[in-house]
Amino acid sequence: MKPRDLAELLTSRLQENPFVETTQVAGAGFINMRLSEKFWTHQLETILKEGVHYGDSTMGGGEKVNVEFTSANPTGPLHVGHSRGAVFGDALSSLLQKAGYDVTREYYINDAGAQVAKLARSAYLRYLEALGQKIGEIPAGLYPGEYLKEVGAFIAQKDGDKWVGVGEEEYLPYFKKTAADLMMEMIKKDLAQANIHFDVFSSEKAIADSGAVEKVMDFLDKEGLIYKGVLEKPKGAKAADDWEPKEMTIFKSTLFGDEVDRPLCRSDGSYTYFTPDIAYQLDKYKRGFKKLIMVLGADHAGYVARMKAAVKAVTKGDAQIDFLLCQMINFTENGQPVKMSKRAGTFVTFKDLLDEVGTDVVRFYLLTRKQDSQLDFDFAKVKEQSKDNPVFYVQYAHARGASVKRLAEETFGKKADELISSADLSLLQEDELAVVRQLALWPRQVEMAAAANEPHRLAYFLNDVAAAFHGLWNRGREDVSKRFIEAKDEELSKARLALVAGVMTVIESGLAVFGVAPAEEM
RNA sequence: GUACCUAUAGCUCAGUUGGAUAGAGCAUUGGUUUGCGGAACCAAAGGUCGGAGGUUCGAGUCCUCUUGGGUACACCA
């Protein structure tokens, strides 16, 4: 059947719907239809009734989804490089929740590897320092950060000289745990300042201690997915030099779509970082998650294929793991790159960023770009020229709305809710209904953004809503009869107030996904 | 060398599982205030969607090739 004929057929059926006013077939088979005013005023009623829950979807069907993000090593404060993944992961989680998924926000604490051992040694030096010993410069390879002085002082105060002069094998486990715990406390505090809260913190060490890693090895071995062998010399530019053929225990990841097989154990027999990570993903699966999402920095790109392969292998294809890579943020100050170096002390922490720019601005700004595209962030621009920042534009629309509400209450001496609930929405005019049409797109926006894992789309939508509202507002500057509140006409004012409330509701609903508070005043 | 990401207005970026005349902000030019908050609005100008083929009734979107940019490539995580 030709598209045009099909369109003709459909239009005749569409005519039967009472909300459809006119229909028309155009072009190759497009259907233009006009919905009645009643349909749109009904949409506005729905918005007002549902409040911030407007746009909630059942798309996810309550399916359990595990979103892992941040997962920074517990070896120091979060730095700005972590900010994008943290904000993105949190907003994505909120978005999926709104779309009807049962979301768990999860943080994986790498508290078992070599990095934590370095942390413990560094903290031990600070401990000795706190007890008055001269430690000189922190050796290369350890963490020189000032923040470890507190850890050293904490242990010195608690345990006195109990650990002085003992061997590393004796103090290391204790210092590992104590230092990592304190680092996690600090990290959680920073995350809280960014309005980010996790449901689950998983410990690498706990999983390793449970024997899960050995179980994974056994399983893979039984499935015939492991062999002992020598990997080919990598072709990368920087590799070559120190490479020598060594026998390792290797996982046949190429059977599951990876380009090369990956080592599970090093030539000395110890596990690579990869193996406990497999056990960890399997742990999530055993907790009932078949949909796993991992938010990582783009520098982990090389990790994706092997982990996908491993998850496929250990869950026999039952779980799905998606990787969302966040590209780097290019931080500048007045066009000059902000250099980050732990050594040189020009290290900018996530907390510094939040303190300096503000949580709401940071969150919104980072969410205006797709996570896998590079992002420029100029401190001076974002702070000073607020016009450059879309969050102000959206916030301003909400604040203006709030101001209209206040004026209405003052003018008519009644609560805004009371005015709105008794409003006759049929009084709304064409240009006002145009804004309602815009608002009514919100539920679809939520579903599309969630399906694509792209919260940034909502930022653009909110911007459009704000623009529509600002446009309407400015009509009142040129034509007084277009103002929202007219003392002489309470009925019309009430209908328009309902529209304003609808705009505010959609903005609130959207900002809630972004974890940004709507402004009542600015 | 290989894989992934990316290329859209002067700049920074959106663009609905392929749909009608590709959109916004900044910058540029011109305009809007006796009154609801001017952090706003209205308008003009600005495009061979990196290039070349292909699939399709229809391609910024999908495929192939190609060019530029980014990231990653055993024994670190």
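These values consider heavy atoms only, across backbone and side chains, with no hydrogens, waters or symmetry-generated copies.
Taking only side-chain atoms of Asn474(A), from C-beta outward, the nucleotide of C41(B), U16(B), G37(B) with the closest atom is C41(B). Side-chain atoms of Asn110(A) lie closest to A77(B) of the nucleotides A40(B), A77(B), C13(B). When the nucleotides C76(B), A74(B), C36(B) are ranked by their closest atom to the side chain of Ile485(A), C36(B) comes out on top.
A heavy atom closer than 4.0 Å to some atom of RNA chain B occurs in no member of residues 431-443 of chain A. Residues from residues 262-270 of chain A with heavy atoms under 4.0 angstrom of RNA chain B, sorted by number: Pro263(A), Arg266(A). For RNA chain B, the residues of residues 447-460 of chain A within the heavy-atom distance limit of 4.0 Å (strictly under) are Met448(A), Glu454(A), His456(A), Arg457(A), Tyr460(A), sorted by number.
Geometrically, Lys291(A) engages Tyr101(A) in a cation-pi contact defined by less than 6.0 Å to the ring centre and at most 45° from the axis.
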Where do N or O atoms of nucleotides 2-7 of chain B meet protein N or O atoms at under 3.5 Å, pair by pair?
from: C5(B); atom 1: O2'; to: Asp372(A); atom 2: O; distance (Å): 3.3

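Distance check on atom C1': G25(B) versus G15(B) gives 15 Å, rounded to whole Å. Rounded to the nearest Å, the gap between the P atom of A14(B) and that of U6(B) is 10 Å. Only the P atoms considered, U2(B) is 38 Å distant from A20(B), to the nearest whole Å.
Nucleotide C4(B) is matched to G70(B) when pairs are restricted to Watson-Crick or G-U wobble geometry with both distances under 3.5 angstrom. U48(B) makes up no base pair with any nucleotide shown, lacking Watson-Crick or G-U wobble contacts both under 3.5 Å. With both pairing distances under 3.5 Å, G10(B) is matched to C26(B) as a Watson-Crick or G-U wobble pair.
Remark: Lys482(A) engages Asp431(A) in a salt bridge (Lys or Arg N to Asp or Glu O under 4.0 Å) (not counting sequence neighbours). For Thr368(A), there are no side-chain hydrogen bond (donor to acceptor under 3.5 Å, both in side chains) partners two or more places apart in sequence or in a different chain.
Across all strands shown, Gly113(A) has no heavy atoms under 4.0 Å from either base or sugar-phosphate atoms.
In this structure, Phe469(A) has its ring center no closer than 6.0 Å to that of His398(A). Two rings, from Phe251(A) and Tyr227(A), have their centers 6.0 Å or more apart.
For the OP1/OP2 pair of G37(B) and a distance below 4.0 Å, the side-chain nitrogens and oxygens of Ser403(A) include at least one atom meeting the criterion.
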